[in-house]
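Per chain, numbering begins at 1; letters A, B, ... match sequence-line order.
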There are 2 protein chains.
Amino acid sequence: MEKQEDSIWAHCSSSSVRRASRQLGQLYDDAMGLSDLRGTQFSLITQIGYLNEPTQKELAKAMVMDLSALGHTLKPLIRDDLVELVPDEKDRRAKRVRLTPGGRKRQAEMVANWQEAQRRFDAVLGAEKSEELRRTLAFIASEDFAKAYEAAGEKGD
Amino acid sequence: MEKQEDSIWAHCSSSSVRRASRQLGQLYDDAMGLSDLRGTQFSLITQIGYLNEPTQKELAKAMVMDLSALGHTLKPLIRDDLVELVPDEKDRRAKRVRLTPGGRKRQAEMVANWQEAQRRFDAVLGAEKSEELRRTLAFIASEDFAKAYEAAGEKGD
DNA sequence: CAAATATAGTGGCATATACCAGTAAATTCC
DNA sequence: GGAATTTACTGGTATATGCCACTATATTTG
């Protein structure tokens, strides 16, 4: 038993992803420089800018994030006037997430910082491996993966 | 510019890792079953069991985690009597982290749950790719990676 | 040895993220 | 069309995680 559990920590994919996530969180946050914008926040407003005024639901899905978690994460951005919520015209339950002019500006300003961080990352890991890693991670984050994972449990479990 | 930022979200390694991390967090947490132990907590107590009564500092390093973050993360586990802190004999600043008998028991009980989650993960991604992914992520989480990343900025930045 | 510095933790504060229990609005089903 | 159900979001609570300031202890230096 001692022998067996001996390497769980190294064989756990979830753990591995989390460790890497913490490391990269540090590195990319640092790259954001003096700006008080965190890496996650840059990522979020970039996604908001990419989707066209998504509802919170749509944005949460794109971010592979829980809806309520997204709501909480948006709060500081709304408070700092980078993002605003506008009620949807047709569905009065839904609220669309939109960048304010200030938010758009901030996002644009930080692109260079992100690029530098990403450049370094690619330099260290190699462009090929970097690209492949992103592909693999995107698959893991996909609904297809979640479905297949569930299906893999249909039998024994 | 619209064209350029168009795919930042997909080309950001940090973002990719985070999305995958959220997805796996969900999946592995579910696997923990009715137990109120989260995936991260299982991961943590497993690491504690693997290292021999590490100091918080040592444990934080192994987990690629901030020392104070670790301290906070340990609190619920201490409260629930799965873990205890014992002052180091020689260095009175240091506190060693130790599993309680109950903690050891809980960890052992959850190994099967973890294995099932990991089995499914490997089944979906393929054992090869799974193994390679963990290797890559372990590298990213390593100090060598952080050093190389810093070094990659020595020039232009 | 005493002063300066470095190290290990603690506590406070802020963001990140999830679950659950509402609430309100839309959709489905007699 | 009105009741039952589903959907989109909000707010509360809890863990996850980081930074900073501070305390206590160790180590280094003059």
Review point. Within less than 4.0 Å of OP1 or OP2 of D:dC9, is there a side-chain N or O belonging to A:Lys95?
Key: no
Exercise for review: Check the distance between D:dT15's P and B:Leu82's CG and give it to me in whole angstrom.
Suggested key: 12 Å
Check your understanding: Per the side-chain contact (heavy atoms from CB on, under 4.5 Å) rule, which among B:Gln47, B:Glu53, B:Gln56, B:Glu84 passes with B:Val97?
Key -> B:Gln56
Study note, to complete from the structure: Rounded to whole Å, the NZ-P distance (B:Lys57 to C:dT10) equals 13 Å
**Study point:** Value in whole Å for how far the C1' atom of C:dT7 lies from NZ of B:Lys61
**Key:** 13 Å
Taking only N/O atoms, report every protein-nucleotides 11-13 of chain C pair under 3.5 Å with atom names and distance.
{"residue": "C:dG12", "atom": "O6", "partner": "B:His72", "partner atom": "NE2", "Å": "3.4"}

Check your understanding: Reckon B:Thr40 has a side-chain N or O less than 4.0 Å from the OP1 or OP2 of D:dA16?
Key -> yes
Exercise for review: Ignoring backbone atoms, establish whether A:Arg93 has a side-chain N or O less than 4.0 Å from OP1 or OP2 of C:dT23.
Suggested key: no
Study note, to complete from the structure: Considering only heavy side-chain atoms of A:Pro76, the closest of D:dA16, C:dA16, D:dC9 is C:dA16
Check your understanding: Just how far is it from atom OG of A:Ser13 to atom CD of B:Glu131, taken to the nearest 0.5 Å?
Key -> 9.0 Å
Study note, to complete from the structure: Nearest-nucleotide check on DNA chain D, A:Asp29 vs A:Gln56; residue mapping nearer the 5' end is A:Gln56
Exercise for review: Would you mind reading off the distance between B:Asp91 atom CG and C:dG9 atom P, rounded to a whole angstrom?
Suggested key: 8 Å
Point to revise | Gap separating the CG atom of A:Leu99 from the CD1 atom of A:Ile48, nearest 0.5 angstrom | key: 5.5 Å
Practice item. For A:Asp80 and for A:Arg92, find the nucleotide of DNA chain C with the closest heavy atom, then tell me which residue's nucleotide is more 5'. Key: A:Asp80
Check your understanding: B:Arg96 near the nucleic acid: base, sugar-phosphate alone, or nothing, with a heavy-atom cut-off under 4.0 Å?
Key -> nothing
Study note, to complete from the structure: Taken to the nearest 0.5 Å, the spacing of A:Thr73 OG1 from A:Gln41 CD works out to 8.5 Å
Practice item. May I ask you to say what A:Asp66 touches in the nucleic acid, namely base, sugar-phosphate or nothing, with a heavy-atom cut-off under 4.0 Å? Key: base
Review point. How long is the line joining CZ of A:Arg38 and C1' of D:dG18, in whole Å?
Key: 6 Å
Review point. Do A:Lys129 and A:Glu132 meet the salt-bridge criterion of a basic N to acidic O distance under 4.0 Å?
Key: no
Exercise for review: Mind checking A:Lys90 for me? I need base, sugar-phosphate or nothing, with any heavy atom below 4.0 Å counting as a touch.
Suggested key: sugar-phosphate
Study note, to complete from the structure: d(A:Leu125 CG, B:Phe139 CZ) to nearest 0.5 Å is 6.5 Å
Practice item. Round to the nearest Å and state the distance from B:Ile78 atom CD1 to C:dG9 atom P. Key: 12 Å
**Study point:** Distance below 4.0 Å between B:Gln26 side-chain N/O and C:dC19 OP1 or OP2
**Key:** yes
Review point. With the threshold set at 4.0 Å, does a side-chain nitrogen-carboxylate oxygen contact exist between B:Asp36 and B:Arg106?
Key: yes
**Study point:** Nearest-0.5 Å distance, CZ of residue A:Phe145 to CG of residue B:Leu24
**Key:** 5.5 Å
Exercise for review: Verify the contact: side-chain N or O of A:Arg79 to OP1 or OP2 of C:dT15, cut-off strictly under 4.0 Å; return yes or no.
Suggested key: yes
Practice item. Send over the distance from A:Gln23 CD to D:dT17 C1', rounded to a whole Å. Key: 14 Å
Exercise for review: Quickly work out the B:Asp88 CG to D:dA26 C1' distance and round it to whole Å.
Suggested key: 12 Å
